[in-house]
Amino acid sequence: MLLDPRLLERITPDDREALVEVAHFLRKAEHAWNRIDGGKQCELNAQHHDGGSLALCLRRAMQAADELIEASEGADNR
């Protein structure tokens, strides 16, 4: 994933730190979700599945955060 160069030049070290923090808390949320028994997870997912399970949404959000962190790697080297 490549960020638009105009956006990349405006990303500050604090912005990247915030992205890392978002990724950290998403991983904590996934860890908390995984503490729930697998059978109950399935039942909970059956009750709520508008566009994807909570686990899937967490996975996609973590992937997005990781990709943005990676794509913004050169931003704080100005």
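Linking ILVMFWY residues whenever their side-chain heavy atoms come closer than 4.5 Å, directly or via other members, places W33 and V22 in the same cluster. In the hydrophobic clustering of this structure, L58 does not group with V20; members are Ile, Leu, Val, Met, Phe, Trp, Tyr whose side-chain heavy atoms approach within less than 4.5 Å, directly or through other members. Hydrophobic cluster membership differs between L56 and F25, with clusters built from Ile, Leu, Val, Met, Phe, Trp and Tyr side chains linked at under 4.5 angstrom. A continuous path of Ile, Leu, Val, Met, Phe, Trp and Tyr side chains, each step under 4.5 Å between heavy atoms, connects L54 with L26, placing both in one hydrophobic cluster.
When the shell of 6.0 Å around CZ of R60 is examined, it contains 12 or fewer heavy atoms from other residues, nucleotides or ligands.
In this structure, D37 has no salt bridge (Lys or Arg N to Asp or Glu O under 4.0 Å) partners at least two apart in sequence or on a different chain.
Residue N34 comes nearest to Q41 through the heavy atom pair CA-NE2, 3.5 Å, listed as atom of the first residue, atom of the second, then distance. Pairing each heavy atom of A23 with each of A65, the nearest pair is CB-CB, 4.0 Å.
Here the side chains of D15 and S72 are not in contact, with every heavy-atom distance at 4.5 Å or above. Between L68 and L3 there is a side-chain heavy-atom pair separated by less than 4.5 Å. Taking 4.5 Å as the limit, some side-chain heavy atom of D66 sits within range of a side-chain heavy atom of R27.
Taking CD1 from I11 and CG from L19, the interatomic distance works out to 6.5 Å, rounded to the nearest 0.5 Å. E21 CD to D14 CG: the interatomic distance, rounded to the nearest 0.5 Å, is 9.5 Å. Atoms CZ and CD, on R16 and E70 in that order, are 10.0 Å from each other to the nearest 0.5 Å. Rounding to the nearest 0.5 Å gives a distance of 6.5 Å between CZ of R59 and OG of S53.
A salt bridge does not link R10 to D4: none of the charged nitrogens lies less than 4.0 Å from a carboxylate oxygen.
Inspection of the Q63 and E67 side chains reveals an N or O donor paired with an N or O acceptor under 3.5 Å.
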